[in-house]
Amino acid sequence: MPDRTRSDYDLCVVGAGPAGLNATVTAGERGLRVALVDVGVQPGGQYWRHPDERFPDTLPQPSATRRHGWREYRDLDARLDALVRGGRVVHLAGRHVWGVHPGRPFLVRATAAGEDADPVVVHARRIVLATGAYDRQLPVPGWTTPGVMAAGGVQALLAGHHVRAGRRVVVAGTGPFLLSVAAGLAEAGAEVVAVCEANALTGWAAHPLRTLQEPGKLVEGAGYVTTLLRHRVPFRTRTVITAVHGTGRVTGATLRRVDRRGRARAGSEERVDADLVALGWGFIPQLELAVGVGAATRVDVDGSLVAVVDDDQRSSVSGVYLAGEVTGVGGAVQSGAEGALAGLTAAADAGRADDPRLRARLRRRIARAHRFAVAMHRASSVPVDWPTWLADDTLVCRCEEVDTGTVRAAVRDLAADDPRDVRVTARPGMGMCQGRMCGFALSCLVSVETAVTPAAADLASLATRPLATPVRLAELAEMADGEEG
Amino acid sequence: MTFRGPAPDAVIVGAGMLGAAVAYFAAAAGMSVIVVERGSIASGTTSRCEGNLLLSDKEVGPELELAHYSQYVWRGELAEHADLWEFEAKGGLVAAASEAQRAGLDALAEHQRSLGIRAEPVEGPAALREIEPAIAPHLLGGVYYPEDAQVQPVLAAHHLLRLARERGAEVRTHLPVTGIRIVGGRAVGVNTPDGAIDAGAVVVCAGPWSGDVARLAGVDLPIRPRRGFVLVTEPIPVTIRHKVYSAEYVENVASSDSGLQVSPVVEGTPSGTVLIGSSRERVGFDAGFSAEAVGRIASAAARLFPVLADVQVMRTYSGFRPYSPDHLPVIGEDARMPGLWHAAGHEGAGIGLSVGTGRLLVQAMRHATPDVSLLPFRPHRFADADAA
Ligand SMILES: Cc1cc2nc3c(=O)[nH]c(=O)nc-3n(C[C@H](O)[C@H](O)[C@H](O)COP(=O)(O)OP(=O)(O)OC[C@H]3O[C@@H](n4cnc5c(N)ncnc54)[C@H](O)[C@@H]3O)c2cc1C
Ligand SMILES: Cc1cc2nc3c(=O)[nH]c(=O)nc-3n(C[C@H](O)[C@H](O)[C@H](O)COP(=O)(O)OP(=O)(O)OC[C@H]3O[C@@H](n4cnc5c(N)ncnc54)[C@H](O)[C@@H]3O)c2cc1C
């Protein structure tokens with residue numbers, strides 16, 4: 001058996017997005033030996049996703065992929081490089097961490113995500129979890145038709161591969177991210193038929209000062225609006241997509257006006273033609289590793305389960321720090337600052353010199369970004385009654401092909417009365433993705449059927465995945481020898 | 001809020017497989033019952049197990065008799081509902097890796113046959129592979145049990161409770177029992193945060209937590225958790241037709257060692273995933289991941305079915321078998337506390353044994369002579385042993 005162990009790290013950082021990169025360089029520059037593990041081949045995470053740097057000239061550079069804070073990324077990347085060359089930091093790219101386990105004091109187990117990587121086991125004294133978030137998906141009749149994509153996925157194709165996923169597009173959901181996706185598509189030459197925002201934007205207007213206090217954000221938002229105006233993209237509020245049409249390929253969608261709770265208004269149907277439907281309902285923090293180590297969780301303002309941290313990014317578990325979207329979806333600026341603070345705290349807890357001024361500055365930046373995020377979440381919440389758009393034959397879980405009617409029947413006939421119970425009786429979330437995709441939607445649907453709001457414990461039970469990603473049986477068998485522990 | 005109306009005949013604590021089975025047979029016999037469950041239905045061990053109805057792993061004695069009786073109930077009185085809980089008579093295959101194991105299996109099988117259980121010898125590796133083509137070539141032979149079957153336990157518990165509700169039972173979930181009401185030395189009901197529920201009898205069906213519930217009545221019931229892990233693979237085309245396990249499994253089931261024991265139990269399911277069990281260890285209610293247990297299960301499974309080595313495992317889970325010191329469940333009224341009944345402690349066989357247990361317990365509650373003697377399962381036997 002090959003030796004997979006990497007021993008004796010002061011810190012292991014999981015995730016190389018804005019949070020993880022900042023944590024790594026901050027801790028590394030303060031003298032800690034750091035192992036940085038990430039699924040991606042190159043650092044950057046979701047935010048700084050970019051084409052493969054090994055082939056720099058093969059891809060065109062449409063302006064749609066110009067990225068905010070690109071200079072910051074370049075700077076972080078250079079600092080990471082220096083630390084790697086100096087032997088302080090090892091960057092274990094192309095590895096998916098499937099578990100963080102106790103053992104002197106932590107063992108981080110990762111499986112190979114790509115072909116040129118081996119599985120690794122990292123021994124570390126401290127852990128930073130910066131695993132980010134992924135697209136929140138809500139089903140709607142027709143959503144499994146090819147040509148329906150999550151808004152984040154559409155953006156990722158644009159940013160990572162310069163691929164425009166469609167020609168005639170409707171973008172729908174809620175939140176400022178819709179504007180970013182629509183602007184990117186318009187600049188890449190797509191015709192954006194409409195941007196449908198489920199909420200009225202009076203919510204934003206209600207917190208103008210908070211918005212102003214987050215200058216980066218405001219500029220970004222204004223930039224998108226200019227682009228959308230220039231391309232004459234219609235922007236509609238209190239409008240949602242209640243059905244997607246087409247067999248084999250998307251041909252169009254039905255738009256409906258909705259009230260505050262998301263109930264469709266009678267007679268408001270309108271049919272539009274499109275070959276791409278991009279749905280953006282916010283993001284879900286990737287929490288399985290945090291839940292797996294036993295970190296305390298709570299339900300955030302946007303209804304997502306997030307992990308709890310103190311003012312210095314410590315989780316409730318000694319030696320485990322959390323940064324970025326795992327503590328609450330708040331954008332790249334907040335994530336980066338949290339990462340730097342987590343790195344600083346980990347270094348200080350390991351006996352390295354603290355930097356009180358930097359700490360104070362980071363805390364202020366986080367607090368400001370957080371206020372903005374809370375206002376944004378309040379203004380762009382998922383309408384509570386969205387499950388009323390579902391037909392009985394609308395799939396909730398694609399992996400196991402469980403439809404809405406089956407879920408409703410489990411509640412009605414079998415008295416399954418919480419998401420966990422419905423999951424084990426009707427099998428939504430029991431397939432390959434283990435409920436990552438349908439977990440949130442399922443909890444909303446069950447909540448509507450039972451008239452009970454899901455509690456943190458319900459969401460935590462859906463986020464409990466001892467294997468954060470599938471692992472080969474033979475690789476698990478290697479643990480039997482116990483020599484790595 | 002206090003329960004209104006006439007007091008029911010019984011209040012059942014726990015809506016796992018045992019609580020569901022007792023509720024079903026009680027309601028079917030015309031008794032009025034309320035089931036009180038602190039979580040949702042089947043939120044305990046019943047949703048963290050495998051659902052095999054086995055005769056093959058039982059050593060000769062009262063448990064085998066109960067297993068046999070339960071098979072008769074699953075296939076008899078309950079046969080009309082079999083599809084609701086995905087009953088499948090898939091058959092079990094026990095494989096031996098050494099001559100010594102083979103001899104042990106043969107001896108057990110012979111005895112089982114004398115009790116009317118079908119146990120067919122499988123002579124040699126070729127015969128083994130005829131039954132299970134992907135099995136490892138180094139295995140020497142074994143015994144085939146055509147009566148071994150399987151159900152989906154979560155569905156079984158939900159449907160039995162649904163059928164009970166249709167016969168008048170009431171099920172109250174997300175409501176913990178916090179006390180047992182005792183009047184004149186007799187259990188007469190339970191306390192909950194929603195108020196008291198009085199009843200003719202209190203039936204403890206709290207699985208591995210049964211000791212805690214019994215303690216509410218001041219009664220010592222030595223039931224402890226024995227943790228087990230299960231691995232679930234991605235759906236694969238290779239079919240494993242039966243429930244297949246190695247001879248050590250039978251030894252481990254019967255052992256009382258508190259250390260980690262692992263023996264592979266492998267079975268395909270209708271959705272294409274393969275379930276791989278399992279381990280046994282006594283570590284309290286520690287629900288944490290165990291690299292050693294999971295690693296050893298994986299390693300043992302790959303030895304039994306080498307094709308599994310490259311298959312992706314998508315999930316692991318663990319549950320707490322309700323374990324009693326002599327590996328026998330406690331079924332019946334507690335002589336130390338009239339009115340307090342138990343149906344608990346079925347360890348790794350509670351799904352299979354549930355329906356026999358429920359039917360026998362209700363016979364006893366109605367003062368009929370149970371079809372199978374409940375004497376070996378009497379709840380106070382541990383106290384007797386202490387006194388002796
Ligand atoms: C398409 C898109 C566009 C966005 N645009 C904007 C914008 O314009 N402005 C803005 O402020 N915000 C934007 N956001 C949000 C922004 O990307 C996030 O706020 C930011 O990336 C969060 O940083 P993070 O470090 O917490 O997580 P991420 O950037 O998501 O990084 C997490 C990293 O962890 C890795 N990872 C996760 N789990 C594991 C594991 N188990 N093992 C190994 N590695 C793992 C992931 O592969 C990823 O590289 C956008 C998000 C998306 C998806
Ligand atoms: C890994 C593993 C594999 C297994 N495989 C099999 C198998 O193949 N075949 C088989 O037959 N058996 C198997 N078993 C064993 C089987 O799962 C158990 O014997 C059975 O589920 C026990 O059912 P129960 O109803 O007694 O307990 P549980 O299902 O645990 O139900 C007890 C219920 O009581 C509730 N409760 C507890 N305290 C209170 C309170 N104070 N108030 C209200 N409610 C309360 C709990 O919430 C719980 O729902 C396996 C077990 C494990 C762990």
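Heavy atoms only: backbone and side chains are in, while hydrogens, waters and symmetry mates are out. Order of the sequence lines sets the chain letters (A, B, ...), proteins ahead of strands, with each chain counted from 1.
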Say whether A:Arg420 and B:Ser43, considering side chains only, have a donor N or O and an acceptor N or O under 3.5 Å apart.
no
Toward chain A, the part of [X] with a non-hydrogen atom under 4.5 Å:
X	value
B:Ala302	both
B:Ser271	side chain
B:Val311	backbone
B:Leu308	both

Which of these, B:Gln312, B:Glu234, B:Arg315, sits in a side chain to side chain contact (heavy atoms under 4.5 Å, CB included) with A:Pro470?
B:Gln312
The test is side chain to side chain contact (heavy atoms under 4.5 Å, CB included); show your working for A:Met430 and B:Thr273 and say whether it passes.
CA-CA 10 Å; A:Met430 295 289 259; B:Thr273 58; over 6 Å; no
Would you compute the distance between atom CG of A:Leu473 and atom CG of B:Leu231 and round it to the nearest 0.5 angstrom?
6.5 Å
B:Ile297 CD1 to A:Met479 CE distance, which is reported to the nearest 0.5 Å
9.5 Å
Looking only at A:Thr469, A:Val424, A:Asp418, A:Thr111, most heavy-atom pairs under 4.5 Å shared with chain B are made by A:Asp418
Close approach to chain B in residues 409-417 of chain A, criterion heavy atom under 4.5 Å
A:Asp413, A:Leu414, A:Ala415, A:Ala416, A:Asp417
With a 4.5 Å heavy-atom cut-off (strictly below), which parts of residues 454-467 of chain A touch chain B? List them by number.
A:Pro466, A:Leu467
Who are the side chain to side chain contact (heavy atoms under 4.5 Å, CB included) partners of A:Val384, not counting sequence neighbours?
A:Arg261
Mind ranking B:Glu292, B:Arg296, B:Gln152 by heavy-atom pairs under 4.5 Å with chain A and telling me who comes out on top?
B:Arg296
Looking at B:Ser299, B:Ala309, B:Ser318, which makes the most heavy-atom pairs under 4.5 Å with chain A?
B:Ala309
Under 30°, 30 to 60°, or over 60°: which ring-plane class applies to A:His101 and B:Phe289, parallel, tilted or perpendicular?
parallel
Results of salt bridge (charged side-chain N to carboxylate O under 4.0 Å, His left out) for A:Arg427 - residues two or more places apart only:
A:Glu400
